[in-house]
Each structure stands twice: as structure tokens, then as C-alpha cells.
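A, B, ... follow the sequence lines: proteins, then strands. Residue 1 opens every chain.
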Amino acid sequence: MAEIPKAYEPQAVETKWYSFWEEHECFTADPERVSEARPAYSIVIPPPNVTGVLHMGHVLNNTIQDILARKARMDGKEVLWLPGTDHAGIATQNVVERALRKEGVMKHRDDLGREKLLEHIWEWKEKHGGIIIDQLKKLGASCDWSRLRFTMDENYTKCVQRVFVDLYKKGLIYRGKRMVNWCPKSLTALSDEEVIMKEQNSQLFYFKVQVVEEPDTWLEIATTRPETIPGDSGIAVNPNDPRYANLIGKHAVRPLPVENQAHLPIVADEHIDIEFGTGVLKVTPAHDKADFEIGQRHKLEVIDVINANGKMNELAGADLDGLDRFEARKVATAKLEEMGALIKAEDYKNNVGFSERADVPIEPRLSEQWFLKYPSQEQSRECVANGALKFYPERWSKTYDYWMDGLQDWCISRQLWWGHRIPVWYRGEEIHCGLEAPEGDGWEQDPDVLDTWCSSWLWPFATMGWPGDTETLKKFYPTTDLVTGPDIIFFWVARMIMAGYEYKGDLPFRNVYFTGIVRDKKGRKMSKSLGNSPDPLELIEQYSADALRFGTMRSAPLGADVLFDEKDVELGRNFCNKLWNACRFRQMQGGETEGEIDPTLLTSDDRWILRRLDQAITEVTDAFAAYRFTDATATLYRFFWSEFCDWYVESCKATFFSEDAARKANVLAVFDFVTGHTLRLFHPFMPFITEELWHGLGFSAEMPDDQGGQTIMTAHWPKSFQDDFKEHYALDETIDDLVAAKHELVTAGRNLRGIGNIPFAKKIDYIIKPAAKLDAYEVEVIQSLLNAESLKVDADYAPRKGTPVARSALGELYLPLDGLIDVDAEKVRLEKQLEKIASEIQKADAKLNNPKFTERAPEEVLQEAKDRLAEWQQKEQQTREAIEYLADA
RNA sequence: GGGCGAUUGGCGCAGUGGCUAGCGCGCCGGCUUUACACGCCGUGGGUCGGGGGUUCGAAUCCCUCAUCGCCUACCA
């Protein structure tokens with residue numbers, strides 16, 4: 001047995017064990033090992049962006065996955081945790097382009113051209129793509145790294161293309177000219193999910209237009225976008241609006257001087273909100289989704305006045321031509337005012353869609369794009385509704401269902417270079433969709449690439465070698481659990497489910513655990529600009545990975561956001577230290593670990609801690625089954641610190657310092673039994689320190705060597721004790737009462753020192769008057785826990801009236817103080833206590849005097865209430881006596 | 001506009017019909033007690049967001065109001 005060093009040095013220990021696990025292939029999944037006796041457990045990582053660095057969200061997410069994977073291994077399952085990274089189209093291209101501009105390699109991507117830019121991005125990927133993988137290893141992630149995947153691996157790319165071609169042939173993918181969300185900065189179309197609505201402090205401008213047929217009539221219109229007036233091709237009112245009924249079918253003239261000064265038809269459309277503004281809408285079909293649809297209904301002209309880059313064009317008129325859209329808004333407003341058409345401008349809050357990546361307002365734009373009609377919609381809705389696929393917390397299934405109910409076709413083409421190129425070729429009017437370029441000359445491949453999510457929605461099976469019918473796929477698909485954030489429920493989760501049904505005929509995972517969002521302790525979202533996002537690597541450096549994991553899990557309840565506080569990590573660190581020192585203390589006692597427990601030598605404390613351990617095993621195991629990791633950590637914390645260290649270990653000291661070798665050996669055996677179980681219960685949460693201590697205490701010697709290494713990783717998950725075990729060791733309930741009474745007496749006894757302000761270190765003499773015969777062992781332990789010089793057992797003890805006393809079911813514990821008491825302070829304390837007792841008695845009385853209660857409450861509830869009243873009355877009597885005594889003193 | 005969630009001691013949370021509403025951190029007081037000051041011992045501190053109802057009994061179930069958060073939405 002190697003000696004456990006005095007100070008825990010996590011950095012060296014963590015590196016050592018991670019290498020050990022990797023060398024011994026502890027993370028490797030082998031489909032051949034899967035059998036009835038050894039079921040498969042699988043989980044695919046939500047692939048982080050290949051250029052990403054580890055943040056607190058990853059820590060939370062991957063710690064949970066690792067906990068699940070490690071627990072599954074201890075349950076005897078063959079575990080595949082499949083890792084990988086995502087090429088993250090726009091994000092990555094942005095990052096690399098920015099770097100290249102900074103380095104002066106290019107000003108704009110057109111300077112380099114497609115091929116060259118892609119070379120640079122690949123180069124970047126090779127250089128930085130491994131960073132986050134190394135960081136996950138630091139965290140302790142037990143992924144099967146031999147299967148590391150990337151969404152632009154050759155095989156993966158083939159999957160993406162194959163699916164595209166298939167859906168094209170099924171008629172589910174089509175090309176069309178539609179209104180899309182256009183990002184004027186990235187110069188690409190975006191899906192609805194990539195647009196984030198943000199509330200803006202805007203202005204609502206009221207201006208007037210003249211009705212052509214009735215020159216005396218002016219219509220007032222409210223708009224937030226006066227710069228698009230040149231793109232207006234109609235005026236719309238609600239058909240049920242009496243104010244404007246007589247104008248329908250007539251025309252109006254734009255106030256802005258533009259080349260094309262046509263008369264705009266006034267149309268009636270149900271979509272117009274009578275209440276809003278003036279109830280009159282200017283219709284700009286080219287620059288607003290709703291307007292486009294109104295335009296379609298009334299055959300209005302589409303006048304595109306904004307270019308792809310967000311600048312106005314010549315159709316906007318000479319005044320606005322070439323201006324940025326926001327600049328143009330100011331100019332247009334000034335122009336309206338100059339013309340006397342502006343009535344007023346009022347402050348107004350509205351929601352504007354922003355590009356998720358480029359963070360600029362998106363521009364609705366008519367554009368030729370590829371769209372996808374979602375496949376397997378019915379099955380995908382059904383599996384969540386009927387519980388075949390479970391969401392944790394369950395309430396997200398409503399969100400899911402709501403979205404599935406209103407599915408809109410997905411715009412999948414992106415005007416980018418980094419990504420999977422669309423497998424379609426054109427030659428004149430001809431079009432070819434296939435895995436290979438068509439035969440013959442003159443074919444041009446579509447320049448666009450696919451939305452990133454258009455590859456990641458295949459992740460669960462594409463990473464397992466699909467479309468080949470591989471062993472991995474057969475054994476590990478569908479996966480067991482998916483751990484991800486609810487923010488990508490539509491982006492990713494829903495789409496994976498649909499792809500899973502469409503291509504594997506089965507759901508992709510059975511359970512989805514939605515983590516909360518990691519916020520700072522003030523509840524704010526973590527962000528670079530706020531600077532409130534700690535670097536997990538620094539936290540690991542300072543506190544250890546185990547501390548970070550435990551601290552995070554301890555404050556991350558299922559279904560709630562995580563308010564991250566570095567204090568939590570500190571607590572994790574402190575806990576590791578406690579664990580470490582408790583094990584060190586064990587080792588300092590010497591003795592072998594293989595000691596068998598002799599049931600005849602078990603003390604009440606031994607039995608009690610075994611019962612507590614059994615309880616902890618049940619609680620932690622149940623918590624796992626319900627994905628309640630916070631509960632599991634709370635149980636472990638309570639059990640190990642409050643029950644094992646604070647009471648059991650302290651009780652053991654009486655034995656350890658005694659001369660009784662047999663008794664000592666038996667306590668050590670119990671101690672080892674408990675720590676052996678505890679380390680295993682902790683292992684999923686704190687893999688490194690538990691492995692170190694497992695070896696340090698010599699438990700590894702008991703391990704089967706079936707994976708080329710002796711490791712706690714494959715030790716069996718503790719099971720709740722069987723009845724025959726409990727019987728053999730006499731672990732019956734009566735133990736709990738005895739030990740609880742003992743603890744109560746000790747705590748109360750320690751409190752007696754408070755009366756005279758006697759420091760705990762001072763050895764003093766207590767006298768105990770036992771209620772029944774008290775074991776010599778119990779007396780010894782109580783004396784030790786009280787740090788008493790002596791503890792005299794005297795069944796006939798007749799204390800002087802008012803001697804401080806502590807009581808519990810075990811008996812009475814006296815501390816003769818002989819004039820050390822501060823009479824006044826003590827009196828105040830007792831008076832206060834009396835008030836509290838009186839109020840409790842009143843409550844209990846009221847309850848028992850209520851005939852409805854006494855008639856209808858069940859017998860045991862009634863009895864409890866009676867007992868409680870009696871208890872309080874007794875306390876009242878005792879307190880009165882003490883006060884009386886003080887008055888005499 | 002619709003939906004979801006939250007509201008319990010200073011802070012973060014547990015507690016879904018019945019013990020005196022718990023826990024962690026913090027606060028306060030005392031301790032170099034033979035593992036651990038990243039520690040030990042102990043004390044305070046809450047009319048469970050407001051109001052109403054159901055019930056013998058409500059933090060817990062129902063109604064209502066308030067505040068906060070999240071998601072969703074083509075009110076320009």
C-alpha cells in the first residue's frame with residue numbers, strides 16, 4: 001500500500017490517471033463485447049465548434065455526460081461515448097476570415113477565391129481543432145477518442161450528400177425563390193432558427209399620402225422603415241375598417257420623389273390590424289415577409305430597393321442611392337419632413353430580427369434558395385407524445401410539440417464556402433442532383449453550401465458509420481441518452497429525431513436531458529462582453545477538475561438554470577480535501593484492508609453507519625434513475641461529511657486509541673467497507689481523486705483485471721444491502737434510535753459548556769444518569785465525543801437542584817458547574833425558550849381541541865399530536881424548574 | 001399577443017396534503033480537541049410573494065393578483 005501523501009496534489013494526480021485510463025483503453029467501446037449480460041450504453045457528444053474553446057456550458061454538459069458514462073460502466077455496461085466536433089459553417093468562416101484580414105493575408109474573401117480560402121480554413125482547423133478536445137480530457141471526459149469524428153470527414157460528407165440526393169429524389173428538397181432571412185453582413189441566407197428577435201428602441205414615423213382620386217383626402221401611415229417607401233407598391237387597409245372602406249380600389253402617391261412615381265393601389269387585406277397606428281399599412285413586398293404575402297394576394301409589384309449588402313440602390317431614388325439602410329432611414333425622414341409629409345415621430349419599442357452570428361439586423365429578401373420539407377414528421381411527434389422518447393425535464397416536450405405543429409420548410413442553402421457543397425450541377429436549363437458530377441462538359445456545380453445543422457442532424461448515426469450496416473450501428477443505435485441545452489431543441493434535437501426515423505427507422509436516443517443555462521451568480525447570462533465567464537481551465541488549475549465537476553453538479557438542479565459561483569468550486573475543492581484526509585486518517589491507523597467484519601464485534605456506531613451507507617446507496621441510485629444529479633451530490637455530501645466524518649469517524653477514535661486490538665481491527669474493517677463503497681459512489685462525479693484513493697487504500701488489489709488495468713472505473717456500482725446481509729449484521733431499525741439519542745445527548749452535552757462559556761478543549765467532568773443499562777462502549781464513546789475528562793455513570797445520581805442537564809432517550813447528562821453560570825444571561829435564554837414552548841403548546845392544544853380533527857384524522861396522526869403535546873408540556877415543566885432555580889441562586 | 005417556469009431565512013436551493021418547514025454558503029460566538037483552519041464545536045435567523053377558497057389539517061391542491069425570467073409570434 002503506497003502511503004497517501006499529506007497534501008493532495010490534484011494536477012499531477014489527474015494527469016497521471018487520465019494517461020493511465022487512455023493507455024489501458026478504458027474508454028474504448030467494443031461492439032463485440034456487447035451481450036445480454038453486458039448491454040450497450042451509448043451517448044453521442046453534442047459536437048462543439050471545431051474552433052471553440054471550453055466554456056462553463058461545456059463543463060456542465062460534458063460533466064453530466066461523463067457522469068452517465070462512468071456510472072453505466074460501473075453498472076457493467078459496454079459504454080460508447082462518441083466524441084467529435086462540428087465544422088460550424090458561418091462561425092468558423094467568420095473566425096478565419098477575421099484572422100486572415102488581421103494578418104493582412106486578404107481584405108475580402110474574393111481576394112483569395114474559394115479554393116485558397118478553404119485551404120486556409122482547413123489549415124486553421126488542423127492547428128486549432130484539437131484545443132477543445134484536450135480541454136475535455138482535462139475535465140476527465142471518458143470519450144472513446146479512437147472514434148473522434150468531424151462533420152466534414154470524408155465519410156461524414158458522403159452521408160450528408162447521400163441524404164440530400166435522397167430527399168431531392170423524394171421531392172422533399174426543392175429550389176425556389178422565396179422570402180428568406182438575409183444577413184447583409186455575412187451575405188447569406190439564414191434559417192428562421194438563426195434569427196434572434198431583439199427588442200429595439202425605434203421610432204414610429206407617421207406620414208401622409210395623397211389619394212389620387214380624391215385630392216383633398218390624405219391617408220396617414222405609420223412605419224418604422226421610411227427608407228423603404230421607394231419600394232412600396234401598395235397601401236393596405238382592413239376590409240372591415242369603416243374609416244377607409246370608401247377608399248378601397250383607389251390609389252395614392254408616395255411622398256418621396258423617386259423615378260417610378262406610379263400610383264399605388266389601395267387594397268383591402270384581413271392581415272391589417274385596425275388598432276395599430278392609423279390602421280393603414282404601406283406594402284413593401286420586397287423587404288418584409290408579411291408585405292410580400294400581401295403583395296402576392298393582391299398582385300403588387302416587387303420593387304427591390306436594398307442590395308444584398310444592406311445598401312440602397314438606384315431604385316430608391318437619387319437621394320438614397322448608395323446609402324446604408326440605417327443612414328437612408330435618417331435621410332428619408334428628413335426628406336419627408338422637408339416635403340411636409342411627416343406628421344410626427346414617436347418613440348417605439350419593437351422586435352427586430354438579428355443574425356445570430358453576425359449580430360446585425362437581418363433583411364427579409366427575395367432570393368433563390370434550397371428548401372427542405374421535414375421528413376418523418378408524424379413519427380417524430382408521436383414518439384415524444386407517447387413517451388417512447390423521454391425529455392427531462394418533461395415540460396420541454398410541450399415546446400417540442402408546439403414547434404413540430406407549425407413546421408415551416410427549412411432554408412438549407414448558405415452563400416458560404418466553408419461547408420458541404422450542394423451536390424447539384426447545372427448546364428443551361430438542365431439540372432443534375434447526385435453524389436458525383438454528371439458526365440459531359442459544361443456542368444457547373446451549385447456554389448452554395450449547406451446549413452451546418454444540415455449535417456449535424458445526422459450526427460447519431462453518421463458518426464457510427466452509416467450507411468454501412470456496421471457492428472457499431474447495430475449494437476449502439478439508438479443511443480441511450482442525449483445531453484444538451486434546450487436552446488437547440490429545434491436546431492438540433494427535433495431535426496435529429498426526424499432524420500433518425502427517416503434513415504434508421506428508429507428514434508436516435510431514448511432520453512434527452514436538457515441542461516440549464518449557466519449564468520453568473522447575479523443570474524446574468526455568461527458573455528464575453530460582460531466578462532463574467534470564468535475560464536474553466538483556470539478553475540481546474542486552481543481547484544482541480546474534480547472540484548469543478550462536483551461544485552458544478554452540486555448547483556445544477558434538473559430543469560433549472562445554473563447560477564455559477566466560484567464558491568461552489570471552492571466547496572468542491574474543500575470536499576475533495578475532506579475525502580482525502582478521511583482516507584489519510586484511515587491509513588494512519590495501519591492495518592490491512594482485507595479485514596472481514598465480525599458481526600459479534602459490531603458496535604452501535606458500526607451498525608448505524610452501515611445503515612446510513614445503505615440509505616445513501618439507495619438515494620444516490622434512485623437519483624441517477626431520475627437524472628437528479630444535484631440530489632445525488634447532496635446525499636453524498638451529507639452522508640460522507642455529516643454522517644461519516646462528523647459522527648462515525650469521531651466515534652471510531654475512542655476505539656482507535658484504545659488497546660483492544662480485536663475491536664480496533666473490526667472497526668477498521670467497517671471503515672474500509674464504508675470507504676470502499678463511498679469511493680465508488682463518488683467516482684462518476686469525481687473520477688480522479690477516487691481513483692487515486694482507491695489505489696492508495698489498496699482497493700485496486702481486489703479488482704478483476706479484465707480491462708488490462710486495475711481501476712475503480714470498472715468496479716461494480718454499489719447495491720443496496722440484501723435482507724440476509726442486514727440480518728447477519730443485525731442492522732435493524734432500533735440502531736437508529738439508539739444512535740440518534742446518543743448524538744442528541746452529545747450535542748446537548750456540548751451545549752452545556754456554552755452556559756459557562758467553557759471552551760471545548762477544556763477537559764471537564766460529566767455525570768450520566770442512564771435511563772436504562774448503558775454499555776461500557778457507549779459511555780466511552782460519549783466521553784470521547786464530549787471531550788470529557790471523566791464521565792461518571794451513576795444511576796442514582798441526585799443532582800443539586802438546577803444543575804445543568806442534557807437529556808435524551810439515553811438518560812440525563814449532568815455538568816456540575818459550581819457557580820460558573822452567568823445567571824442573568826441564562827435566565828434570558830430560558831425565558832425566551834419558554835415563550836417558544838408556550839406557542840407550540842397552544843398550537844398543539846388547538847389542534848386536539850378541534851373535534852373535526854380528532855374525529856377525522858387517522859389514528860397515528862392523532863397519537864402523534866398527543867405525544868407532541870405531552871413532550872412540550874414536559875419541556876415547559878423542566879424549563880420552569882430551571883428558572884425557579886436561577887431565581888433562588 | 002400566446003405558452004412555460006419561478007417567487008420558501010442575507011444568497012442559492014430542497015421540500016407536491018400530516019413530525020417543531022430542512023440543507024449548503026454566508027453571518028455571529030467559541031476552539032492550534034492526537035485526519036482535515038480547504039478544519040472542528042455551537043448559536044441566531046423564515047407569519048413559505050399578496051389575497052381568497054377547498055380541507056380536520058395547505059409551502060404543498062384550486063382561483064385571483066403582483067413581480068421576475070425564458071420561449072414563441074409576419075402589429076407595420
Could you work out which one of B/C41, B/C36, B/A76 sits closest to the side chain of A/Asp646? B/C41

Donor-acceptor contact below 3.5 Å, side chain A/Glu650 vs main chain A/Leu785: no

Per the atom types in the model, does the base of B/C74 pair as donor or acceptor with the side chain of A/His271 at under 3.5 Å? yes

Quiz item: cation-pi between A/Arg554 and A/Tyr637, 6.0 Å / 45°: yes

Just to be sure I understand the rule, does A/Phe656 reach a base, reach only the sugar-phosphate, or reach nothing, if contact means heavy atoms closer than 4.0 Å? nothing

Go ahead and name the base partner of B/C61; Watson-Crick or wobble counts if both distances stay under 3.5 Å, otherwise write none. B/G53

Applying a 4.0 Å non-hydrogen cut-off, can you work out what A/Thr223 is touching in the nucleic acid: base, sugar-phosphate, or nothing? sugar-phosphate

Taken to the nearest whole Å, CH2/A/Trp641 to P/B/G24 is 11 Å

May I ask you to say what A/Tyr543 touches in the nucleic acid, namely base, sugar-phosphate or nothing, with a heavy-atom cut-off under 4.0 Å? nothing

Using atom P in both nucleotides, what's the gap between B/G15 and B/A6 to the nearest angstrom? 11 Å

Tell me what A/Lys578 touches on the nucleic acid: a base, only sugar-phosphate, or nothing, going by heavy atoms under 4.0 Å. base

Using Watson-Crick geometry (N1-N3 plus N6-O4 or O6-N4) or G-U wobble (N1-O2, O6-N3), each under 3.5 Å, B/C13 is paired with B/G22

Distance between the C1' atoms of B/A58 and B/G51, in whole angstroms? 15 Å

Across all strands, who's sitting opposite B/G69 as a Watson-Crick or G-U wobble pair, both distances under 3.5 Å? B/C4

Just the rounded figure in Å: distance from P of B/U43 to CG of A/Leu752. 12 Å

Classify the nucleic acid contact of A/Lys653 as base, sugar-phosphate or nothing, counting any heavy atom under 4.0 Å across all strands shown. base

Within this structure, what is the CD1-to-C1' distance between A/Ile489 and B/C4, rounded to whole angstrom? 12 Å

Send over the distance from A/Phe671 CZ to B/A35 P, rounded to a whole Å. 12 Å

Identify whether any heavy atom of A/Asn351 sits under 4.0 Å from a base atom; if not, whether one sits that close to sugar-phosphate; answer base, sugar-phosphate or nothing. base

Would you tell me whether A/Glu619 and A/Thr635 have side-chain atoms, one donor and one acceptor, within less than 3.5 Å of each other? yes

Residue met sooner reading RNA chain B from 5', once A/Arg573 and A/Arg395 are mapped to nucleotides: A/Arg395

Using a cut-off of strictly less than 4.0 Å, decide whether A/Tyr400 has a side-chain nitrogen or oxygen near OP1 or OP2 of B/G3. no

Would you say a side-chain N or O of A/Thr747 is under 4.0 Å from OP1 or OP2 of B/G42? yes

Taking the C1' atom in each of B/U67 and B/U54, what is the distance between them to the nearest angstrom? 26 Å

Taking the ring of A/Phe575 and the ring of A/Phe682, is the distance between their centroids below 6.0 Å? yes

Provide the Watson-Crick or G-U wobble partner of B/G42, both distances under 3.5 Å; none if there is no partner. B/C28

Can you list the steps and then say if A/Glu220 with A/Lys208 is a salt bridge (Lys or Arg N to Asp or Glu O under 4.0 Å)? CA-CA 4 Å; A/Glu220 289 184 17; A/Lys208 55 183 181 180; over 6 Å; no

Across the strands shown, which category fits A/Cys645 at heavy-atom distances under 4.0 angstrom: base, sugar-phosphate, nothing? base

Rounded distance (Å) that lies between atom C1' of B/C75 and atom CG of A/Asn238: 12 Å

Give A/Tyr637 one of three labels, base, sugar-phosphate or nothing, depending on what nucleic acid heavy atoms sit under 4.0 Å from its own. sugar-phosphate

Between B/G50 and B/G42 - C1' atom distance, rounded Å: 37 Å

If you measure from the Lys or Arg side-chain nitrogens to the Asp or Glu carboxylate oxygens, is any gap between A/Arg254 and A/Asp232 under 4.0 Å? no

Should the pair A/Arg225-A/Glu363 be classified as a salt bridge under the 4.0 Å nitrogen-to-oxygen rule? yes

Decide, applying a 5.5 Å centre-distance limit and a 30° plane-angle limit (both strict), whether A/Phe657 stacks on B/U34. yes

Report yes if at least one side-chain N or O of A/Asn581 is closer than 4.0 Å to OP1 or OP2 of B/G39; otherwise report no. no

I want to check one thing: is the phosphate of B/G42, taken as OP1 and OP2, less than 4.0 Å away from some side-chain N or O of A/Arg750? yes

When rounded to whole Å, the CD1 to P distance for the pair A/Ile274 and B/A76 reads 17 Å

Nearest-angstrom distance, C1' atom, B/A59 to B/A21: 8 Å

A/Glu293 has an atom CD; how far is it from atom C1' of B/A76, in whole Å? 14 Å

Between A/Lys653 and A/Glu780 (salt bridge meaning N to carboxylate O under 4.0 Å), is one present in this structure? no

Counting only side-chain nitrogens and oxygens, does A/Trp647 get under 4.0 Å of the OP1 or OP2 atom of B/C40? no

On RNA chain B, nearest-nucleotide positions of A/Trp403 versus A/Cys576: which is more 5'? A/Cys576

Can you tell me how far C1' in B/U20 sits from the matching atom in B/C62, rounded to whole Å? 28 Å

Can you figure out which of B/C25, B/C75, B/G42 approaches the side chain of A/Leu571 most closely? B/C25

So which nucleotide from B/C36, B/G15, B/A76 ends up closest to the side chain of A/Arg628? B/G15

Please determine if a side-chain N or O atom of A/Lys567 lies less than 4.0 Å away from the OP1 or OP2 oxygen of B/C11. no

Check the distance between B/C74's P and A/Arg225's CZ and give it to me in whole angstrom. 16 Å

Distance between C1' atoms of B/C4 and B/A73 (Å, rounded): 15 Å

Given B/A35, B/C38, B/C40, the nucleotide with the shortest approach to the side chain of A/Arg584: B/A35

Need one value for A/Arg554: base, sugar-phosphate or nothing, where a base atom within 4.0 Å counts as base even if backbone is also close, heavy atoms only. sugar-phosphate

When all nucleic acid strands are considered with a 4.0 Å heavy-atom cut-off, which category describes A/Ile272: base, sugar-phosphate, or nothing? base

C1' spacing across the pair B/G46 / B/G10, given as an integer number of angstrom: 12 Å

For B/A35, does the base pair up with any side-chain atom of A/Glu650 as donor and acceptor (N or O, under 3.5 Å, distance only)? yes

Using a 4.0 Å heavy-atom cut-off, does A/Leu281 contact any base of the nucleic acid, only the sugar-phosphate backbone, or nothing at all? base

Could you tell me whether the side chains of A/Asp192 and A/Asn181 share a donor-acceptor contact shorter than 3.5 Å? yes

